[in-house]
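Keep in mind that what you see is a predicted model, and the values were worked out from it rather than measured.
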There are 2 protein chains.
Amino acid sequence: MNQYPHSTRLLVAIDCIIFGFDGDEIKLLVIKRNFEPERGKWSLMGGFVNQEEDLEVGAERILYELTGLNNIYVEQLLTFGKVNRDPVERTISVVFFALINIHSHDEESVRAHNAHWVSLKNMPQLIFDHEKMVQNALERLRYKAALHPIGFELLPETFTIPQLHKLYEAIYGMQLDRRNFSRKILSTGLLVDTGEKNENSATKKAVLYRLDKEKYEDKFHSFWYFMPEPSA
Amino acid sequence: MNQYPHSTRLLVAIDCIIFGFDGDEIKLLVIKRNFEPERGKWSLMGGFVNQEEDLEVGAERILYELTGLNNIYVEQLLTFGKVNRDPVERTISVVFFALINIHSHDEESVRAHNAHWVSLKNMPQLIFDHEKMVQNALERLRYKAALHPIGFELLPETFTIPQLHKLYEAIYGMQLDRRNFSRKILSTGLLVDTGEKNENSATKKAVLYRLDKEKYEDKFHSFWYFMPEPSA
DNA sequence: GTAATATTGTGTCCAAACGACACATTCAGA
DNA sequence: TCTGAATGTGTCGTTTGGACACAATATTAC
């Protein structure tokens with residue numbers, strides 16, 4: 001098996017950025033470590049890569065372990081590998097970032113792992129280089145959400161345009177004109193009117209939409225704004 | 001040192017996508033392997049991560065070894081880690097992609113490594129999952145070049161707008177209106193007229209421009225097109 | 001039951017940007 | 001000096017985007 005005997009082998013970890021949206025701001029799911037090193041400190045959910053496990057499978061295993069969720073939006077972010085990033089032993093960390101509906105996870109499992117949703121504006125200190133990972137993930141989220149219809153992953157199956165509007169304001173930390181936003185979103189043709197209305201509202205009830213899955217799949221890899229489709 | 005004794009350690013490699021532009025099309029620098037396994041086949045330039053070496057440093061070392069170049073544009077792409085991607089032994093590969101001026105590298109060194117520039121449209125078979133890596137890098141190049149002033153990395157210090165135009169047509173594999181492209185590029189304010197002209201031309205000589213480095217640094221992380229700057 | 005208030009849906013207007021295209025200019029070579 | 005190919009600049013009509021007004025809906029207060 002070992003035909004590359006000259007080279008050193010390293011620990012390979014997976015860390016997961018898990019974003020949710022509570023209706024007001026973007027939140028991050030972090031755990032309070034109950035193991036050494038850094039017991040009691042805040043950290044991203046993570047684990048080591050198993051010998052016979054693909055990286056993506058490992059990420060899904062770790063996400064499932066914490067949230068009880070399958071089939072969620074996951075994408076590989078970057079790999080962090082500074083020599084001294086883990087004081088115990090050199091460890092390469094492949095970071096994934098996931099978007100979930102904040103109300104859909106398994107409460108039991110989250111409690112068992114000592115996990116909590118924290119606000120990005122008010123984030124506790126995280127171990128190692130985990131804060132850099134989060135910063136990087138936030139940039140990626142902003143990047144992608146500006147170009148691809150990715151925001152829906154943070155909302156329930158059906159949602160209103162005002163909810164979507166608040167989500168985008170939270171992602172970019174800025175105010176967006178309500179009416180122009182609505183026009184832009186509707187012009188994508190990705191939203192389908194369910195005919196129902198949001199009963200939770202205290203005033204005028206907003207129309208509930210759902211994603212047009214087919215158009216979503218089709219359009220996902222195209223830019224919303226800039227370029228005509230590359231050909232080859 | 002080994003305080004994570006339960007976990008398996010894996011080989012970690014670095015592979016480098018190196019793009020160049022010959023005036024007509026995007027080219028990729030690949031090597032003909034003179035070592036096992038897969039001796040004699042085409043492959044990306046790569047190497048293993050050293051015990052005491054950051055990933056970025058490793059990538060720069062490998063790029064320097066092949067091209068003799070420092071201070072070139074390098075960015076981490078993705079990490080490939082399928083269990084059986086390397087038939088010899090499980091190896092995680094962190095892939096970087098680099099953009100260089102195709103005429104600036106060290107000819108000696110490239111020859112010594114059996115390296116060649118190949119056309120993307122006419123690419124030979126590559127070993128392992130290297131073709132996927134290239135495909136992925138091409139997508140990233142298209143993505144970034146549409147949003148950030150990254151194309152200049154593939155051109156010499158001074159260049160003409162027709163050259164830049166051809167570069168973008170090559171990147172996207174499509175025709176772009178010459179006049180509209182020119183207007184768009186000039187409106188970014190990133191180009192400085194050097195006062196000189198391209199003496200190689202057989203007809204009307206085009207004006208040579210160079211990058212305004214300061215504006216380049218300032219604007220690099222902002223989108224060209226879509227969003228107003230995110231605040232926090 | 002009616003008024004007040006907050007929220008949602010739709011529309012208007014003007015300026016900026018974009019794509020399609022015309023025309024004038026410059027250079028090498030016939 | 002004429003010709004052809006490439007380069008630089010401009011025009012025009014359409015579309016898009018941002019700023020903003022107004023109407024419709026539902027809850028609550030009186």
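- Following rounding to the nearest Å, B/H165 (NE2) and C/dG19 (P) show an atom-to-atom distance of 12 Å.
- Separating the NZ atom of A/K184 from the P atom of D/dA19 is a distance of 11 Å, rounded to the nearest angstrom.
- Counting heavy atoms from C-beta on, the side chains of A/R183 and A/R179 never come closer than 4.5 Å.
- Atom OH in A/Y168 sits roughly 19 Å away from atom C1' in D/dG18 (whole-Å rounding).
- Residues satisfying the side-chain contact (heavy atoms from CB on, under 4.5 Å) test with B/D193, not counting sequence neighbours, are B/V207, B/Y209.
- With sequence neighbours left out, A/F21 forms a ring-ring contact (aromatic ring centres under 6.0 Å, His included) with no residue at all.
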Donor-acceptor pairs under 3.5 angstrom involving side-chain atoms of residues 62-69 of chain A: please list them, not counting sequence neighbours.
residue	atom	partner	partner atom	Å
A/E65	OE2	A/H113	NE2	3.2
A/T67	OG1	A/L63	O	2.7
A/T67	OG1	A/L69	N	3.1

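- The interatomic distance linking B/L164 (CG) with D/dT7 (P) rounds to 13 Å, in whole Å.
- Nucleotide D/dA26 holds its P atom 12 Å from the CG atom of A/N198, rounded to whole Å.
- Across the protein-nucleic acid pair, B/L186 atom CG and C/dA17 atom C1' stand 15 Å apart, rounded to whole Å.
- Spacing between atom CG of B/D177 and atom C1' of D/dT9 amounts to 13 Å, rounded to whole angstrom units.
- Positionally, the nearest nucleotide of DNA chain D for A/N180 lies more toward the 5' end than for the other of A/N180 and A/K197.
- The two residues A/E75 and A/R140 come nearest to each other via the heavy atoms OE2-NH1, 2.6 Å.
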For nucleotides 22-24 of chain D, tabulate all protein N/O to nucleotide N/O atom pairs closer than 3.5 Å, reporting atom names and distance.
residue	atom	partner	partner atom	Å
D/dA24	N3	A/K204	NZ	3.4

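- Mapped onto DNA chain C by nearest heavy atom, A/T160 and A/R183 fall at different nucleotides, with A/T160 at the one closer to the 5' end.
- In terms of modelled atom types and a separation under 3.5 Å, the side chain of A/R210 and the main chain of A/T194 share no donor-acceptor contact.
- Side chain of B/E131 to main chain of B/L126: a donor-acceptor pair is present (N/O by atom type, distance under 3.5 Å, no hydrogens or angles).
- Checked against a 6.0 Å centroid threshold, the rings of A/H130 and A/W42 do not count as neighbours.
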Pick out the pairs of N or O atoms, protein on one side and nucleotides 28-30 of chain C on the other, that lie under 3.5 Å.
residue	atom	partner	partner atom	Å
C/dA28	OP1	B/K205	NZ	3.2
C/dA28	O4'	B/A202	O	2.8

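- B/K166 has its NZ atom 13 Å from the C1' atom of D/dT7, to the nearest Å.
- Listed by first and then second residue, the side-chain hydrogen bond (donor to acceptor under 3.5 Å, both in side chains) pairs that reach into residues 94-108 of chain B are B/H105-B/W117, B/E108-B/R111, sequence neighbours excluded.
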